[in-house]
Amino acid sequence: MPPDRCLSPCVATWRVPEYALGTTLDSGQAFRWRPVQLGTMNRGTCRLEARTTGTWEGVVGTRWVRLRQGGEELGAETVVPSADWSWLEQYLQVAVELGPVLATFPPDAALQTAVAACPGLRLLRQDPWECLASFILSSTKQIEQIRQIIERLCAGYGDAVAVPAGHEPAFAFPGPERLAACSEAELRACRAGFRAPYLLEAARRVAAGTLDFTALAERPVHEARAALMSLPGVGRKIADCVLLFAYGFATVFPVDVWVLRALRELYFPGRRMTPRALLEFSETHFGPQAGYAQQYLFHYMRRARVTPVARRPGRCCA
DNA sequence: ACCCAGGATGGAA
DNA sequence: TTCCATCATGGG
């Protein structure tokens with residue numbers, strides 16, 4: 001059932017219960033959203049405040065978008081008119097009901113705690129190329145730094161998109177053909193570091209059709225994963241992020257350092273488990289919506305250790 | 001100066 | 001198989 005909605009060419013609203021917009025946009029699955037406080041001078045300076053009350057701006061495909069949330073209503077505003085808003089409905093997954101997803105979770109205390117701590121956290125459905133390129137750039141980088149690298153990449157090589165009058169310019173994520181035409185030095189200038197040659201080679205293979213990118217969605221998960229891992233710089237973790245965040249394989253459970261820590265501390269405290277053993281545990285324990293479970297555990301762990309620092313007096317939204 | 005960040009890779013043990 | 005140094009860069 002599609003949610004209640006109100007669509008006009010440049011403005012749309014949806015009624016979606018249990019959707020924490022800010023938490024979702026700021027949960028480390030997408031990297032191009034910025035919080036804005038309208039009518040104040042400190043635009044983009046406070047991520048925590050916008051998480052609950054704010055407005056967010058970003059680019060989806062070739063469109064600049066401003067999103068906001070009020071109660072159970074999600075609102076979107078664009079510059080380029082849309083006769084059809086399915087591109088954003090897909091991206092935000094507004095038709096997904098969270099209740100049935102959470103009902104599939106195993107009833108263990110750790111997961112229940114994580115869910116309770118992040119109500120309304122969702123999975124987005126992103127463009128495969130942007131997702132792949134973004135996570136190639138993510139290895140051993142903090143999320144804020146990943147954002148910065150991607151911003152430089154878009155500003156340097158992405159097409160400009162229409163923005164409101166007087167607004168700072170915005171850019172689409174550069175396609176594989178455009179990045180394939182870059183030099184390694186140009187990518188390093190975006191601070192991609194040792195990931196630059198990986199991104200360049202991935203762009204070349206996707207642009208050349210060596211990797212059949214669109215056909216991945218129709219394949220079994222293990223085949224799609226193997227195809228992604230054939231790219232240089234793409235191991236199990238990055239492949240799983242693309243499978244989950246872009247292709248929507250719901251059972252996939254990406255294991256990064258935070259999730260590894262969550263599994264160790266919440267499920268096997270004091271029992272030295274190898275990463276391999278923890279990965280095998282994750283493959284059988286979390287059920288058909290393991291991807292959602294992973295996102296809750298990731299965000300729960302990250303929030304527990306990141307926000308106390310960011311919340312120091314005078315450091316945020318003075 | 002030191003450690004860590006949504007890792008992956010090639011070589012050594 | 002598992003372990004380990006290395007990769008580039010910025011923040012705490």
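Just so it is clear: chains get the letters A, B, ... in the order the sequence lines come, proteins before strands, and each one is counted from 1.
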Taking OP1 and OP2 of B/dG7, is either one under 4.0 Å from a side-chain nitrogen or oxygen of A/Arg236?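 So the side chain of A/Arg236 is outside the cut-off, no N or O lying under 4.0 Å from OP1 or OP2 of B/dG7.
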Without decimals, in angstroms, what is the distance between [X] [atom1] and [N] [atom2]?
{"X": "A/Gln148", "N": "B/dA5", "atom1": "CD", "atom2": "P", "result": "17 Å"}
{"X": "A/Gln145", "N": "B/dC3", "atom1": "CD", "atom2": "C1'", "result": "13 Å"}
{"X": "A/Arg195", "N": "C/dG10", "atom1": "CZ", "atom2": "C1'", "result": "10 Å"}
{"X": "A/Glu201", "N": "B/dT9", "atom1": "CD", "atom2": "P", "result": "12 Å"}
{"X": "A/Leu260", "N": "B/dG6", "atom1": "CG", "atom2": "C1'", "result": "12 Å"}
{"X": "A/Gln142", "N": "B/dC3", "atom1": "CD", "atom2": "P", "result": "16 Å"}
{"X": "A/Ile143", "N": "B/dG6", "atom1": "CD1", "atom2": "P", "result": "5 Å"}
{"X": "A/Arg191", "N": "C/dC7", "atom1": "CZ", "atom2": "C1'", "result": "16 Å"}

When the ring centroid of A/Phe286 is compared with that of A/Tyr267, is the distance short of 6.0 Å?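 Ring centroids of A/Phe286 and A/Tyr267 are less than 6.0 Å from each other.
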#### Entry: Aromatic ring proximity A/Phe31/A/Phe135, centre distance under 6.0 Å
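Under 6.0 Å, so yes.
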| query | Would you call the rings of A/Tyr198 and A/Phe194 parallel, tilted or perpendicular, where under 30° means parallel and over 60° means perpendicular? | reply |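 Aromatic pair A/Tyr198/A/Phe194 classed perpendicular.
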Would you mind classifying the nucleic acid contact of [X] as base, sugar-phosphate or nothing, using non-hydrogen atoms under 4.0 angstrom?
{"X": "A/Leu231", "answer": "sugar-phosphate"}
{"X": "A/Ser138", "answer": "sugar-phosphate"}
{"X": "A/Ser27", "answer": "base"}
{"X": "A/Phe245", "answer": "base"}
{"X": "A/Gly28", "answer": "base"}
{"X": "A/Val259", "answer": "base"}

- Task: Considering only atom P, compute the distance from B/dG6 to C/dC4 and round it to an integer number of Å.
- Result: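 After rounding to an integer number of Å, I get 23 Å for this pair.
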* Asked: Is the shortest side-chain N to carboxylate O distance from A/Arg66 to A/Glu57 below 4.0 Å?
  ->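 A salt bridge is present here (some side-chain N lies under 4.0 Å from a carboxylate O).
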**Study point:** Salt bridge A/Glu201-A/Arg205, side-chain N to carboxylate O under 4.0 Å
**Key:**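 Counted as a salt bridge, because a side-chain N and a carboxylate O are separated by less than 4.0 Å.
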Hey, is A/Phe298 stacking on B/dG6? Ring centres under 5.5 Å, planes under 30°.
->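 Answer is yes, a stack.
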Practice item. For the side chain of A/Arg188, starting at C-beta, report the closest nucleotide among B/dA8, C/dG11, C/dA8. Key: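 It is C/dA8.
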**Request:** Find which nucleotide of DNA chain B each of A/Pro232 and A/Lys237 is nearest to by heavy atoms, and output the residue with the more 5' nucleotide.
**Result:**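 Between the two, 5'-proximity favours A/Lys237.
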A/Ser27 (side chain) donor-acceptor with A/His299 (main chain) under 3.5 angstrom: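 No, the answer is negative, given that no donor and acceptor are paired below the 3.5 Å cut-off.
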Checklist entry - Who does C/dG10 pair with, Watson-Crick or G-U, both distances under 3.5 Å? => result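 For C/dG10, the partner nucleotide comes out as B/dC4, under the 3.5 Å rule.
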If you take atom types as modelled and just measure distance, does the side chain of A/Gln294 reach the base of B/dG6 with a donor-acceptor pair under 3.5 Å?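 Result: at least one qualifying N/O pair found.
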